[in-house]
Amino acid sequence: MKGGYAGSILRVNLTTGEAVKEPTPEDLIRNYVGARGFIAHTLYNEVPKGADPLGEEAKLIVATGPLTGLFIPSTGKAHVGGKSPLTGGYAEANFGGHFPVELKMAGYDMIVVEGKSPKPVYILIDDDDVTVEDAARLWGKGSFDSEAALAERHGEDFQSCVIGPAGENLVKIACISHDYGRQAGRTGLGAVMGSKNLKGITVRGSKAIPVSDIPGLIEIGKEMYRKSVQHPAFELWQTYGTSSVTNWANRIGVFPTRNFRSGYFELFTNIAGPAMNREIVIHNKACFSCAMCCGKYSHVKTDDYECYVEGPEYETTAMIGGCCALGDIKDIGYANFLCDDYGIDTISGGSIAAFAIECFEKGIITEQDTGGLKLSWGDPKAVFEVLRMIAFREGIGDILAEGTRAAAERLGRDSQDFAIQVKGLEQSGYESRRAPAMQLSYMTSDIGAHHRPSWAVTHDLKTGRETVEGKAEKVIELQHTRPLFDTLGVCRLPWIEMELPVSDYAEAFRRATGLDLSEEDLYRVSERVWNLTRMFWVREFPDFGRSYDLPPKRITAEPVLSGPTKGAVLPQEKVDALLDDYYARRGWTKDGIPTEEKLKELGLDRLVREKG
Amino acid sequence: MINSLQPQTDGGRLLKILKNESRCTGCRTCQLICALSHYEENNPKKAAIGVRGQFPAPGGYKISLCTQCGKCIKACPTGAISNVDGVIKIDEDKCDYCLACVEACPFDAIFVHRDFRVPFICDLCGECVEICPTKALYWRQ
């Protein structure tokens, strides 16, 4: 077996209760490398066209990459994938922590969960022993209690990922939680777990992860750690983590405020990094093998509530703080805790709460819909209650639990214009009317409006916030680079923030695996995966094309209300120009469909012909 | 053990490893380098240092590290454990894997793995101190 890989794929069929081990195929490794690549291929190859995302045919895939768990910085990542119940398209999310390395040490590169259990269960993996266990006593518990109960039952040396009530209730923004504060948040994969009656996966591994060149790995690992701790931004990152972004985002007017009406929140200093550290942070909390440590652990206490919570991360601060106009970091921390315990994605959760507040303000929903609750900007109790109603599908929460796109379709009255989503996925925390490359990133991301595949705000600042020229080229470059980390099974942040070069990762990959894939080859894999995930959307939606890449009307027609970007819109002609350039550079049709030649060039033509 | 490493010294004096748990982020890079250095394996489960999260409450981490206190020496019924020039050593030939030492250790700093027929313990090589990104581990001069 190649180094870098655990060597096996585990298939668990919950209909039959059977678990089967298969060797990780050599050609899957060569063509798709790992994690995200494995998910994209498995999904396209194995899940039939038109499958119900919450049905028995759907699959839930948890995959690591060849660098996951190895001795280089930040290798604690696993990706989760499937068909999204929220968008109907390609779904992928990831979490860091200690589960991924444990899974690999148990001997598995990937778990494919199939079928549907007749009753609540969890999967127990102890090296080679795999069983499906009764979860009756866990069902209904919050994420924190569920994870703690599994640790209690099996021991602290087991690592678990679980769903909360939101996943059980098939809430389409439900996440999967691990390590008391790390989530595979986006695209509703918690609901896919819930639909299978799968409460969690618990794993312990004792085996070494094979490595082709141990002295070589030690050498480059030490070098990468040295570069990290000596980087000028290392101390800043250790001190604030992602919350260091909040001040900056407001100063440049990209902080999503009051459901993206503005890019500037007047109370931002109350919720930014320094306030957070002063008021709630008690400890740093890293993922496996991570030097820079973005995770901050907080204890939040007021007269009304008390909780321990990891974060809030920047995204949560932006989407629950800015978007709902909560100007107290403690309120954001508690809302974060509620989301984590219910098992709700804080990005979509914040966005939907803000959408509900705006609907209430405009009379589209009323006290009759909310059970007497008044919704207004800046009211923490309204936000807490809306999140609870979503998690348990109570009252208006039942409609909101479907996501902003579906909720707006149901509620009508032009609410689609301010449902801030693309492809059905709520846009994450950057208001981008004056950041064309960032907005294009959201428009073309392969899971919907998320920043993981491409984050281009600094590029917009550097090259002009009005110009569209050159933006598509940069976005494509980012969409091949950032997802490369998702394919290798490592966090991309040390590359961005500690400036570890891609060449270091390519070298670590070669030393770990002994495979002769060059950096260029790895980029080729990244482009292949990008085109395959695009083809997944094409396959699932007969009318898929340019219209699916468009932002909501607020972005193109409603000027930003206040702050440094006041008055900005991204007009439709710029949106069109960005997409024209993007499609042409990708070798796609004018409607955004990969061409025959492109598929052939990437070696995808046969797969698409057979499974398309 | 594949590699028996030498303890770190300064001018002939043995250096001891101290911990500052308030700085520990639970990244476990110490465990990775420990196992890589001693067994040439990427396997944090073969580390002679423990890191345990205290979640969800009260947060933070407990580091398990040998302080050479010697309680294990007294607890060992076969005389397999001794202090050799300031470093605790377990004699593989004398050890009968009763795990009395593991029980007796006040710091949870004696470890077992199913691949090994004897428990294992820190040899003060200091690789963990060198790699720790937050200086949660440091030398006592």
Side-chain angles (χ1 to χ4, degrees), chain A residues 3-4 69-76 97-98 101-102 104-105 127 144-145 147-148 151 156-157 179-181 204-211 214-215 217-218 221-222 225-226 228-229 234 238 282-293 295 297-299 307-310 337 340 512, chain B residues 2-3 5 20-47 49-64 102 108 111-116 120 125-138:
Chain A
L70 297 188
F71 175 67
I72 65 166
S74 313
T75 61
H98 301 269
V101 58
E102 207 70 36
K104 255 179 110 168
M105 291 175 64
D127 279 332
F144 292 102
D145 283 350
E147 210 179 332
E156 279 183 16
D157 49 349
D179 200 25
Y180 309 99
R204 179 172 70 172
S206 69
K207 304 170 195 172
I209 300 169
V211 170
I214 286 275
L217 179 72
I218 294 175
K222 283 186 173 175
Y225 279 106
R226 189 191 58 73
S228 297
V229 298
F234 182 76
Q238 285 264 324
I282 53 171
H283 213 282
N284 279 355
K285 181 170 180 284
C287 296
F288 182 77
S289 92
C290 179
M292 57 192 281
C293 185
Y297 202 68
S298 297
H299 180 214
C307 67
Y308 287 89
V309 62
E310 180 169 349
F337 164 79
D340 289 2
Chain B
I2 293 177
N3 298 322
L5 303 178
N20 179 350
E21 286 172 340
S22 73
R23 295 193 64 88
C24 178
T25 65
C27 74
R28 298 165 62 201
T29 311
C30 52
Q31 295 185 326
L32 273 169
I33 196 64
C34 181
L36 280 164
S37 305
H38 293 96
Y39 306 107
E40 296 179 2
E41 275 188 32
N42 193 103
N43 186 350
K45 295 286 174 77
K46 292 188 179 175
I49 180 167
V51 180
R52 224 169 63 237
Q54 310 286 300
F55 299 102
Y61 297 88
K62 293 280 173 215
I63 301 172
S64 304
V102 176
D108 296 323
F111 301 86
V112 294
H113 189 281
R114 66 183 198 182
D115 287 356
F116 301 139
F120 52 102
C125 79
E127 287 284 344
C128 56
V129 177
E130 299 304 319
I131 203 71
C132 177
T134 62
K135 300 186 173 65
L137 301 170
Y138 59 101

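Because only heavy atoms are used, hydrogens play no part in the values below, and waters and symmetry mates are left out as well, while side chains stay in. The chains referred to below are lettered A, B, ... by the order of the sequence lines, with proteins before strands, and numbering in each begins at 1.
Between A:Y180 and A:F337, the gap from one ring centroid to the other reaches at least 6.0 Å. B:F55 has its ring centre less than 6.0 Å from the ring centre of A:Y297.
Of the listed residues B:C30, B:P56, B:P133, B:A35, the one with more heavy-atom pairs under 4.5 angstrom with chain A than any other is B:P56. Chosen from A:S228, A:G205, A:P215, the residue pairing most often with chain B at heavy-atom distances under 4.5 Å is A:G205. When each of A:S206, A:G181, A:C307 is scored by its heavy-atom pairs under 4.5 Å with chain B, the top score falls to A:S206.
Listed for the B:N20 side chain is a donor-acceptor partner under 3.5 Å among the backbone atoms of B:S22.
Proximity to chain A is absent for every atom of B:C132, based on heavy atoms less than 4.5 angstrom apart. Heavy atoms of A:C293 lying under 4.5 Å from chain B belong exclusively to its side chain. Interface remark: A:I209 contributes backbone and side-chain atoms alike to the contact with chain B (heavy atom separation under 4.5 Å). Heavy atoms of B:I131 lying under 4.5 Å from chain A belong exclusively to its side chain. With a 4.5 Å cut-off on non-hydrogen atoms, A:Y225 touches chain B through its side chain but not through its backbone. Within the 4.5 angstrom heavy-atom criterion, only side-chain atoms of A:I214, from C-beta onward, approach chain B. In this structure, no portion of A:D340 lies under 4.5 Å from any heavy atom of chain B.
Between B:H113 and B:F116, the two ring planes are tilted [angle within 30° to 60°]. Using a 30° and 60° split on the angle between ring planes, A:Y308 and A:H299 fall in the parallel class, below 30°.
Classification of B:E21 and B:R52 as a salt-bridged pair fails, no side-chain N sitting under 4.0 Å from a carboxylate O.
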